[in-house]
Amino acid sequence: MNKHKKPGNIVSKVVIYIALIVLAISIIVPVAWVFMASFKQNSEFIGKGTNPWALPKKWFVQNYQVAFQDAQMGEFLFNTILVTVLALVLILVIALPAAYVLSRFKFRGNKILNIIFMAGLFINVNYIVVPIFLMLSDWDTALGFQFFLDNRFILALIYASCHLPFTIYLLSSYFKTLPRGFEEAAYIDGCSYFKTMVKIMIPMAKPSIITVLLFNFLTFWNEYIIAYTLMDEHGTLAMGLKNLMAVERTATNYGIMYAGLVIVMLPVLIFYICVQKRLTEGMTLGGLKG
Amino acid sequence: MNRAKSQRRFVLACLAPAVILVAIFIFYPTINVFKMSLFRMGAITNTSEFVGLSNFKTLMEDKNFLEAMQNTILIIVLVMICTIVLAILFAALLSRGKFKGKNFFRVIFYIPNILSIVVIGGIFGAIYDPSNGLLNTFLEAIHLDGLTHKWMGEPDIVIYSVIFALVWQAIGYYMVMYMSGMSAIPEDLYEAASLDGSSEIHTFFSVTLPLIWTNIRTTLTFYIISTINLSFLFVQIMTDGGPNGKTEVFLNYMYKQAYGNGAYGYGMAIGVVVFLFSFILAAIVNKITDREVYEM
């Protein structure tokens with residue numbers, strides 16, 4: 001125990017700190033740099049003698065104004081908030097009853113359904129995004145006008161659907177841990193099945209509901225490939241940012257591009273700082289990655 | 001009697017929406033991937049013709065696909081090795097080490113995992129920029145001008161630039177996974193090791209590593225599946241396969257053929273092959289690493 005004074009220990013401690021600090025710097029510096037660069041004017045990026053490490057000459061807030069208005073990031077922000085909230089509501093309303101019934105009721109077909117939802121865990125959205133696009137485009141053709149593609153409500157529905165297997169898996173493994181007696185007591189008191197679920201069982205699953213919300217919030221907010229494939233005018237932030245990056249890089253409007261980056265990542269960073277403990281704890285509960 | 005009936009109705013009502021949505025938006029498209037891979041489909045002509053396994057035959061002779069396969073395998077192997085070593089190292093430091101600021105480092109290391117891939121692409125655009133990038137200007141400042149490169153432009157280097165970004169993004173996630181495994185190891189094992197005069201490094205290899213083996217094994221499957229998926233998103237945003245196919249990966253090639261080219265049947269054939277490839281690889285790795293687990 002009292003080995004602290006040994007010189008070897010001091011050396012190893014220094015090495016440990018260096019390793020940790022190098023990784024930390026590789027994360028903090030680029031992220032902080034983007035924030036700084038988002039306040040720079042164009043002349044500070046281009047040409048010889050410009051130093052990317054220098055502080056902005058003055059805090060050029062107009063970058064944000066341009067990004068929000070001309071590059072429509074404001075609209076994309078609104079769309080992203082709308083789609084994320086809608087998808088979160090949908091996924092809870094659909095997944096909670098399903099997870100509850102699957103984990104706590106005995107009925108014919110229970111096993112099969114559990115297997116089906118488990119199988120859904122292994123199908124990544126990257127594989128099926130093009131068939132989904134074709135399916136929606138077929139529906140639009142059948143309908144005679146564009147409804148399913150470029151529709152924010154449909155996008156939210158697809159986000160929710162694609163993450164149902166994961167969410168149901170997580171929620172039902174939590175429901176399984178709750179003690180049996182509660183439902184029986186409620187039934188004896190004359191509660192209906194529905195009332196028992198909504199008033200008694202779902203409130204008890206609150207910790208797992210929070211975990212599910214945290215993870216799905218991040219996924220939906222950051223989601224890119226589905227939105228990029230299905231959406232057009234009503235795009236989301238991640239997709240708007242990709243276009244912005246392509247446009248501003250060729251036009252060398254770097255300041256606006258970095259302002260766009262900040263607009264996308266700032267809400268997530270604030271969110272993360274508030275919930276980081278719950279998030280990393282919840283991760284071990286889920287132990288899964290999309 | 002009545003009770004049983006109302007229970008059945010309740011179960012049905014609770015399950016129906018989830019089952020219907022999963023069927024429409026997950027299973028139906030998945031079946032379509034397999035079905036469409038047997039057809040030749042044109043986007044413009046809107047025709048489809050059954051061609052059997054002909055798409056797969058073409059695929060085996062498609063040089064671009066084979067290059068994408070090589071690149072993907074290289075990426076999987078290197079990302080897996082680098083991430084596993086670094087993530088376990090940092091997990092061990094943060095859960096066993098006795099020093100200040102452990103929580104701070106844990107919080108910071110997880111940040112790349114919460115950022116959108118598009119944001120990460122933007123950040124690495126700033127890092128790798130050839131003239132004004134953070135990396136090159138840093139190297140010049142410490143007088144290592146010889147090491148500067150066009151990180152996203154030189155054909156021999158660009159894939160490693162993408163791999164670095166993937167590792168950077170993954171370390172925090174897997175570190176947290178390993179930390180949770182390590183926190184389950186009982187303290188007295190470490191005390192016993194230290195009483196036996198075992199050095200910290202020796203203890204790591206004889207106690208920590210064997211006891212999180214199950215943990216590591218699970219993550220190996222994760223690495224394979226998630227690297228195939230993430231390499232697609234990273235490449236799609238950072239390089240789109242360029243320069244000259246040097247960073248082309250499985251799913252990006254699929255997406256390009258299907259969504260970009262309108263060769264839906266061919267694209268889906270790629271999807272089928274990649275899907276099977278990832279499952280077979282995961283199964284092989286799982287089998288190889290199957291060894292006796294130390295019970296705690």
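Chain letters run A, B, ... following the sequence lines, proteins first and then strands; every chain starts at 1. Quick note: numbers below take in every heavy atom, side chains included, and nothing from hydrogens, waters or symmetry partners. Computed from a predicted model, the values in this text were never measured in an experiment.
- Of the two parts of M179(B), neither the backbone nor the side chain holds a non-hydrogen atom closer than 4.5 Å to a non-hydrogen atom of chain A.
- When ring centroids are compared, F215(A) and H163(A) stay outside the 6.0 Å threshold.
- Neither the backbone nor the side chain of V125(A) comes within less than 4.5 Å of any heavy atom of chain B.
- Interface residue Y224(A): only side-chain heavy atoms are found under 4.5 Å from chain B.
- Neither the backbone nor the side chain of I91(A) comes within less than 4.5 Å of any heavy atom in chain B.
- Neither the backbone nor the side chain of T219(A) comes within less than 4.5 Å of any heavy atom in chain B.
- A 4.5 Å side-chain heavy-atom check between L251(B) and I270(B) finds every atom pair outside the cut-off.
- Using a 30° and 60° split on the angle between ring planes, Y254(A) and Y258(A) fall in the parallel class, below 30°.
- For E191(B), no part lies under 4.5 angstrom from a heavy atom of chain A.
- At least one side-chain heavy atom of L279(A) sits less than 4.5 Å from a side-chain heavy atom of L218(A).
- In terms of heavy-atom pairs under 4.5 Å with chain A, the best-connected choice from G133(B), G267(B), P112(B) is P112(B).
- Contact count against chain B (heavy-atom pairs under 4.5 Å) is highest for L134(A) among I158(A), I132(A), L134(A), L157(A).
- Other residues, nucleotides and ligands contribute only 12 or fewer heavy atoms inside 6.0 Å of the CD1 atom of I201(B).
- For R9(B), no part lies under 4.5 angstrom from a heavy atom of chain A.
- No part of V272(B) comes within reach of chain A, as not one of its non-hydrogen atoms sits under 4.5 angstrom from that chain.
- Most heavy-atom pairs under 4.5 Å with chain B: of the set A95(A), A99(A), P131(A), this distinction falls to P131(A).
- Just one residue in the list T80(A), L237(A), L241(A) forms a side-chain contact (heavy atoms from CB on, under 4.5 Å) with I263(A), and that residue is L237(A).
- Per-residue counts of heavy-atom pairs under 4.5 Å with chain A were compared for F232(B), F279(B), Y255(B), F27(B); the largest is that of Y255(B).
- Across N110(A), V130(A), V34(A), the residue that shares the most heavy-atom pairs under 4.5 angstrom with chain B is V130(A).
- Between chain A and the options V33(B), L89(B), I237(B), heavy-atom pairs under 4.5 Å are most frequent for I237(B).
- Within 6.0 Å of the CD1 atom in I112(A), the count of heavy atoms belonging to other residues, nucleotides or ligands does not exceed 12.
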Please determine whether side-chain hydrogen bond (donor to acceptor under 3.5 Å, both in side chains) holds for the pair Y178(B) and T219(B), giving the CA-CA distance in whole Å, both sets of side-chain angles, and the decisive distance to 0.1 Å. CA-CA 9 Å; Y178(B) 297 135; T219(B) 57; 2.8 Å; yes
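- Aromatic pair F194(A)/F10(B): centroids not less than 6.0 angstrom apart.
- Most heavy-atom pairs under 4.5 Å with chain B, from the set E223(A), M265(A), K242(A): that is K242(A).
- When heavy atoms are compared at a cutoff of 4.5 Å, L115(B) approaches chain A by way of both its backbone and its side chain.
- Within a 6.0 Å radius of OH in Y187(A), other residues, nucleotides and ligands contribute more than 12 heavy atoms.
- For F45(A), the part sitting under 4.5 Å from any heavy atom of chain B is the backbone (N, CA, C, O) and nothing else.
- By the 30° and 60° cut-offs, the orientation of the rings of F217(A) relative to F271(A) is tilted.
- Among V262(A), I128(A), I28(A), the residue with the largest count of heavy-atom pairs under 4.5 Å with chain B is I128(A).
- Only the side chain of W53(A) comes within contact range of chain B, with heavy atoms under 4.5 Å apart.
- You'll find the side chain of T167(A) stays beyond 4.5 Å of the side chain of P165(A), heavy atoms only.
- Ranked by heavy-atom pairs under 4.5 Å with chain A, the first of N103(B), T30(B), I225(B), I114(B) is I114(B).
- For M239(A), no part lies near chain B; criterion is any non-hydrogen pair under 4.5 Å.
- Of all the listed residues (I225(A), V268(A), L164(A)), the one sharing the greatest number of non-hydrogen pairs under 4.5 Å with chain B is I225(A).
- In this structure, the portion of F107(A) lying under 4.5 Å from any heavy atom of chain B is its side chain and not its backbone.
- Of the listed residues (I123(B), I171(B), V11(B)), the one with the most heavy-atom contacts under 4.5 Å to chain A is V11(B).
- Both the backbone and the side chain of L20(A) come within less than 4.5 Å of a heavy atom of chain B.
- Atom NZ of K102(B) has more than 12 heavy atoms from other residues, nucleotides or ligands within 6.0 Å.
- At a 4.5 Å heavy-atom cutoff, the contact between Y100(A) and chain B is made by side-chain atoms alone.
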For salt bridge (Lys or Arg N to Asp or Glu O under 4.0 Å), just list the numbers for E187(B) and R96(B), CA-CA rounded to whole Å, side-chain angles, deciding distance to a tenth of an Å, and then say yes or no. CA-CA 10 Å; E187(B) 192 57 31; R96(B) 295 298 311 159; 3.3 Å; yes
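- Ring to ring, F90(B) and F105(B) are not that close: their centroids are 6.0 angstrom or more apart.
- When heavy atoms are compared at a cutoff of 4.5 Å, I116(A) approaches chain B by way of both its backbone and its side chain.
- Only the side chain of S278(B) comes within contact range of chain A, with heavy atoms under 4.5 Å apart.
- Aromatic pair F277(B)/F250(B): ring centres closer than 6.0 Å.
- For I168(A), the part lying near chain B is the side chain, with the backbone staying farther off; criterion is any non-hydrogen pair under 4.5 Å.
- When each of V274(B), I26(B), N32(B) is scored by its heavy-atom pairs under 4.5 Å with chain A, the top score falls to I26(B).
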